[in-house]
Every structure is written in structure tokens, then in C-alpha cells.
Amino acid sequence: MKASARLSGLAPVGSPQPRLLILGTFPSPMSRQRQEYYGNPANRFWRLLSAVYGVDDLSGGEYVDKKKLLAAQGIVLWDVVESCEIVGASDNKIKNQVYNDIPAFLSQRPTIRRIILNGSTARRLFEKEFALPVVEVIGCLSTSPANQKYGAWPLLLADWSPHLSP
């Protein structure tokens, strides 16, 4: 069995005046390697945002175009976990996690009124660590390719769509 090493996540990315914070759990190995949120082409996150906001599918597009969509829609991406020990990409393999300072992040961005948690592990870890009554917090189905059994495309789209609107 491989030994796990402490790994760090990505810096927040998106709108300078966000209305919405989308939190994942921790970036996958492919996302860390590419230094891109949802960098695995099999992850449905960018396809989902493209569909909701009526733009061409960005899932295979350039990261600069994905960041432009985030800025245009008032979205910032980050993760619940700042660093951890993990082998592979499965959220259930996360150990010895250190959390991002989400309360400080929110206090510096008072325009954020809603947090969407991408998947059940992000939701579980967030709820365990934080109590933030000043913003609406919503758990949505994971866009991860590992979550295909619970997140068929129509269900995923229906789950996320109402919460992505202003």
C-alpha cells in the first residue's frame, strides 16, 4: 500500500466580486497537476455550468474561458480542505485534513450570499467544521465522475440549476 503524503489544494479562483462560493472537497490529482479546478475532463462541473448559463460546453475548453464564465456569473471556486494526506482521488481517502479559513474568506467578500457544496463529503466536512449563519449553504450532488450512479445528468442539472441563479 502506498504511503500518503501531505498535499496542498488550489487557491480560490473566480469573480473578484462573487455572489456565490462553490466549495469542493479537495482537488483530484489531475486538477492539482493542471492547477485547474475540475481539471478531469470526466468531471461534469464545467458541462453543468455551461448548460445552466447557456454557453458553449466548456468542459474541454481552455481554463481562461472557464475563469471568464466564473467572473461573469459572480462565482468563486475553492475547497473545504486546504491540505491533507490522500492517496488517489477518492474523497473518502482524505486523512489528517486542515481546513481552509472559510469564515475569513467570507468576511473579506461580503458580497457572497450563498455557498454550494459540491458533493456529500464536502458537505459533511463543511458542516463538521463550520457554522456560518450569515450565508445560505446548500449541498448539491457531486459532479465527480465517481458519482455517476447518484448523479445522472438530468438529476444533476435539476439539483444544481435553481441554486446557480442570482
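Keep in mind that what you see is a predicted model, and the values were worked out from it rather than measured.
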* Asked: Which atom names give the shortest non-hydrogen contact between Asp79 and Pro27, and what distance separates them?
  -> OD2-CD, 3.2 Å

* Are any side-chain N or O atoms of Trp46 and backbone N or O atoms of Tyr37, one a donor and one an acceptor, separated by less than 3.5 Å? -> yes

* With the side chain counted from C-beta on, respond yes when Ile102 and Phe126 share a heavy-atom pair under 4.5 Å apart, and no when they do not. => yes

* Short side-chain to backbone donor-acceptor contact, Asp57 and Ser59, under 3.5 Å -> yes

* Asked: Do you see a donor-acceptor pair shorter than 3.5 Å between the side chains of Ser144 and Asn43?
  -> no

* To do: Would you check if the side chain of Asn96 reaches a backbone N or O of Glu85 as a donor-acceptor pair within less than 3.5 Å?
  => no

* Answer whether the closest heavy-atom distance between the side chains of Thr111 and Arg19 falls below 4.5 Å. => no

* Structure fact -> Ser107 and Pro110 have their tightest heavy-atom pair at O-CD, 4.0 Å

* Asked: Of the non-hydrogen atoms in Ser31 and Gly39, which two are nearest, and what is the gap between them?
  -> OG-N, 2.8 Å

* Salt-bridge present (Glu62, Lys66; N to O < 4.0 Å) -> no

* Which heavy atom of Asn118 sits nearest a heavy atom of Ser142, and at what distance? -> OD1-CA, 3.2 Å

* Work out which heavy atom in Trp78 is nearest to a heavy atom in Ala11; give both atom names and the distance. => CD1-C, 4.0 Å

* **hydrophobic_cluster_shared for Ile138 and Val135, side chain cutoff 4.5 Å** => no

* Asked: Are side-chain heavy atoms of Ile115 and Leu117 found at a separation under 4.5 Å?
  -> yes

* Please check if the side chain of Arg109 supplies one atom and the backbone of Phe105 the other of a donor-acceptor pair under 3.5 Å. => yes

* Asked: Are Phe26 and Met30 joined in one hydrophobic group, where the rule is that I, L, V, M, F, W and Y side chains link up if heavy atoms are under 4.5 Å apart?
  -> no

* So, do Val80 and Phe130 sit near enough that their side-chain heavy atoms are less than 4.5 Å apart? -> yes

* Asked: Under 4.5 Å between side-chain heavy atoms, hopping through other hydrophobics if needed: is there a path connecting Tyr53 to Ile22?
  -> yes

* Asked: Do the side chains of Leu155 and Leu157 join up, straight or via other hydrophobic residues, at under 4.5 Å, putting them in one cluster?
  -> yes

* CG of Asn100 to CD of Glu129: how many Å apart, nearest 0.5 Å? -> 10.5 Å

* Asked: Under 3.5 Å, is there a donor-acceptor pair between the side chain of Asn40 and the main chain of Ala42?
  -> yes

* Show your reasoning for whether side-chain contact (heavy atoms from CB on, under 4.5 Å) applies to Ile116 and Leu20. => CA-CA 8 Å; Ile116 295 178; Leu20 175 63; 3.8 Å; yes

* For the residue pair Leu70 and Ser15, establish whether any side-chain heavy-atom pair is separated by less than 4.5 Å. => no

* Tell me whether the guanidinium CZ or amine NZ of Arg47 lies under 6.0 angstrom from the six-membered ring centre of Phe45 and within 45° of its axis. => no

* Do the side chain of Arg114 and the main chain of Val137 share a donor and acceptor less than 3.5 angstrom apart? -> no

* To do: Find out whether Lys67 and Val13 are in side-chain contact, i.e. whether some heavy atom of one side chain is under 4.5 Å from a heavy atom of the other.
  => yes

* Please answer whether the main-chain N or O of Arg44 pairs with a side-chain N or O of Thr143 as donor and acceptor at a distance below 3.5 Å. => no

* Asked: Say you draw a straight line from OG1 of Thr121 to CD1 of Ile94; how long is it, rounded to the nearest 0.5 Å?
  -> 7.0 Å

* Got Gln97 and Leu125 here, is their nearest side-chain heavy-atom distance under 4.5 Å? -> yes

* Asked: When you measure from the side chain of Ser8 to the backbone N and O of Ser83, does any donor-acceptor pair fall under 3.5 Å?
  -> no

* Asked: Hey, does the side chain of Gln35 reach the backbone of Arg32 with a donor-acceptor pair shorter than 3.5 angstrom?
  -> yes

* Quick one: closest heavy-atom pair of Leu164 and Leu49, and the distance? => CD1-CD1, 4.1 Å

* Distance from Ile112 atom CD1 to Leu106 atom CG, nearest 0.5 Å? -> 5.0 Å

* Counting N and O atoms only, with roles assigned by atom type, does the side chain of Trp160 sit under 3.5 Å from a partner on the main chain of Leu141, one being a donor and the other an acceptor? -> yes

* To do: For residues Leu77 and Leu23, determine if any side-chain heavy atom of one lies less than 4.5 Å from a side-chain heavy atom of the other.
  => no

